[in-house]
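Before we start, here is the structure in question, set down as structure tokens.
Computed from a predicted model, the values in this text were never measured in an experiment. Per chain, numbering begins at 1; letters A, B, ... match sequence-line order. Hydrogens, waters and symmetry mates play no part in the numbers below; they use all other heavy atoms, side chains included.
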Protein chains: 2
Amino acid sequence: MPTISERRERERAHRHQLIITAARELAEAEGWEAVTTRRLAERVEYSQPVLYSHFNGKDAIVSAVALDGFSQLAAHLSHARQAATEPGQAALRAVSHAYLAFATERPALYQAMFILPTDLKFASTETPAPLRASFDEFVNCFHPDNERRELFAEVIWSALHGIAVLSGSGRIPPDGQEERVDLIIAQIAGTRQDRQRHKRGSRSRT
Amino acid sequence: MPTISERRERERAHRHQLIITAARELAEAEGWEAVTTRRLAERVEYSQPVLYSHFNGKDAIVSAVALDGFSQLAAHLSHARQAATEPGQAALRAVSHAYLAFATERPALYQAMFILPTDLKFASTETPAPLRASFDEFVNCFHPDNERRELFAEVIWSALHGIAVLSGSGRIPPDGQEERVDLIIAQIAGTRQDRQRHKRGSRSRT
DNA sequence: GACTACATCCTAGCAACGCTAGACATCCTG
DNA sequence: CAGGATGTCTAGCGTTGCTAGGATGTAGTC
């Protein structure tokens with residue numbers, strides 16, 4: 001067993017993660033426009049080319065940060081959902097608030113996940129697990145018998161994302177978030193959803 | 001009467017608009033990453049510095065394109081709303097579909113309006129008229145007596161924006177848009193609003 | 001009509017960007 | 001201890017947004 005190259009591989013993996021966290025921290029401290037390959041290299045105390053031995057380019061680094069972010073988001077949402085006193089609407093409310101809290105408290109990370117161009121594959125067979133896990137937190141707020149729970153999850157997610165990004169960029173007033181979320185949940189996950197159950201087949205989502 | 005400098009001012013205004021449309025056309029043809037100051041200057045057949053005599057920088061050019069876009073969007077939505085056979089939910093449905101159609105058919109323009117960094121002031125006293133006009137198209141789908149019509153409009157807009165941007169970037173499957181919009185409208189503007197009536201003393205139909 | 005004053009526009013260049021080739025150093029292997 | 005592979009850095013390429021300073025042409029005055 002080549003224990004010697006194992007150590008190298010370990011060090012390499014460690015440095016890989018170091019780059020990712022350095023990029024995230026730099027972005028969270030000064031914004032993504034401040035994350036240049038030079039400054040990032042300086043921060044990890046290596047020269048620029050080592051970045052390219054780990055990632056295909058800057059976009060790949062952003063993608064790695066985003067993927068990390070999805071893991072954190074999935075954990076965050078999962079925690080909120082399981083902390084809810086009861087499933088159903090209460091869980092959905094908890095997850096939704098957790099989602100918006102994540103978006104507002106970590107804007108740079110959220111930006112990497114949803115706004116900056118990344119290489120991540122969404123909604124396909126090669127979708128990374130953390131992405132799917134985050135999405136499933138919404139899906140699992142609905143009853144398994146609900147054939148349209150994925151559709152509901154998509155819509156909820158979209159609405160929350162819209163609220164997050166529009167208020168984050170000042171397109172809608174930043175205050176009153178609470179009110180909007182409450183309205184969405186009341187309308188989407190209110191009693192109506194029970195009536196939907198007997199209708200319509202589901203769409204396919206990979 | 002300084003007819004001589006008037007002509008200059010006219011020519012200058014004409015060139016101003018020329019730059020804006022050239023930027024938009026270039027973005028729509030090859031994407032915003034292809035819109036560089038050099039290529040744009042070449043396209044309007046002037047040198048780079050003239051761009052800076054019209055705009056403070058590239059962001060200002062993008063902002064001007066975005067502002068133009070909001071005028072088009074407002075007209076587009078207004079047309080759809082007034083073409084609706086009846087006000088209320090039908091109008092909201094028409095406006096929503098028109099909004100998503102605009103977003104998908106003119107992705108580059110939509111990107112300038114909502115994703116790229118711009119200097120535009122939203123949701124403030126100095127909000128440009130076209131922005132407010134676009135927003136009001138949603139507001140006007142609800143009955144004036146509805147005290148929460150602005151809130152409803154914000155939520156509808158947010159949800160639509162979320163759908164547009166998430167599917168546009170492949171975060172959710174691009175097909176099934178129709179279904180999502182239908183769901184949102186049904187849930188937001190559907191029968192549930194009747195329940196709001198006895199709760200808040202208002203009704204949302206136009 | 002010549003001269004000054006001014007506005008307009010372009011050539012040339014700066015610093016910073018993402019990215020890469022090739023030289024240099026380091027380490028394991030035989 | 002040599003040889004080769006591996007890893008890292010220096011240096012530089014092409015492009016970006018943006019700007020200084022000179023050239024060119026126009027307008028106004030004697």
Handout entry: Aromatic ring proximity, centroids under 6.0 angstrom, Y99(B) and F138(B)
Key = yes
Exercise for the section: With the side chain of V50(B) defined as its heavy atoms from C-beta on, choose the nearest nucleotide among dC18(D), dC10(C), dA21(C). Expected result: dC10(C)
Problem - Gap between atoms OH and C1', on Y46(B) and dT11(C) respectively (whole Å) - result: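 That distance rounds to 17 Å.
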Practice task
Grab the CD-P distance between E42(A) and dT8(D) for me, whole Å please.
Solution key: 18 Å
Exercise for the section: Have a look at R15(A) and say if it touches a base, only the backbone sugar-phosphate, or nothing, with a 4.0 Å heavy-atom cut-off. Expected result: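 The residue R15(A) makes sugar-phosphate contact but no base contact.
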Exercise for the section: Identify, between E45(B) and R39(A), the residue whose nearest nucleotide on DNA chain C lies closer to the 5' end. Expected result: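 Result: E45(B).
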Problem - CD/E11(A): more than 12 non-hydrogen atoms of other groups inside 6.0 Å - result: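 Enclosed: over 12 neighbouring heavy atoms sit under 6.0 Å from CD of E11(A).
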Practice task
Using only heavy-atom distances, decide whether a donor-acceptor pair under 3.5 angstrom links the side-chain of Q48(B) to the base of dC18(D).
Solution key: yes
Problem - Touch class at under 4.0 angstrom, heavy-atom based, for T36(A) against every strand present - result: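 Answer is sugar-phosphate: T36(A) comes under 4.0 Å of backbone atoms only.
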Handout entry: Minimum-distance nucleotide (side-chain atoms of Y52(A) versus dT19(D), dC10(C), dC19(C))
Key =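 Among dT19(D), dC10(C), dC19(C), the one nearest the side chain of Y52(A) is dC19(C).
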Handout entry: R81(B)/E137(B) ion pair, N-O < 4.0 Å
Key = yes
Exercise for the section: Determine: side-chain N/O of T37(A) to OP1/OP2 of dG18(C), distance under 4.0 Å, yes or no. Expected result: yes
Fill in the blank from the handout: Side-chain contact check for S47(B): nearest option of dC19(C), dC10(C), dC9(D) is dC10(C)
Handout entry: Test: R39(B) and E30(B) ion pair at under 4.0 Å
Key =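 So R39(B) pairs with E30(B) through a salt bridge.
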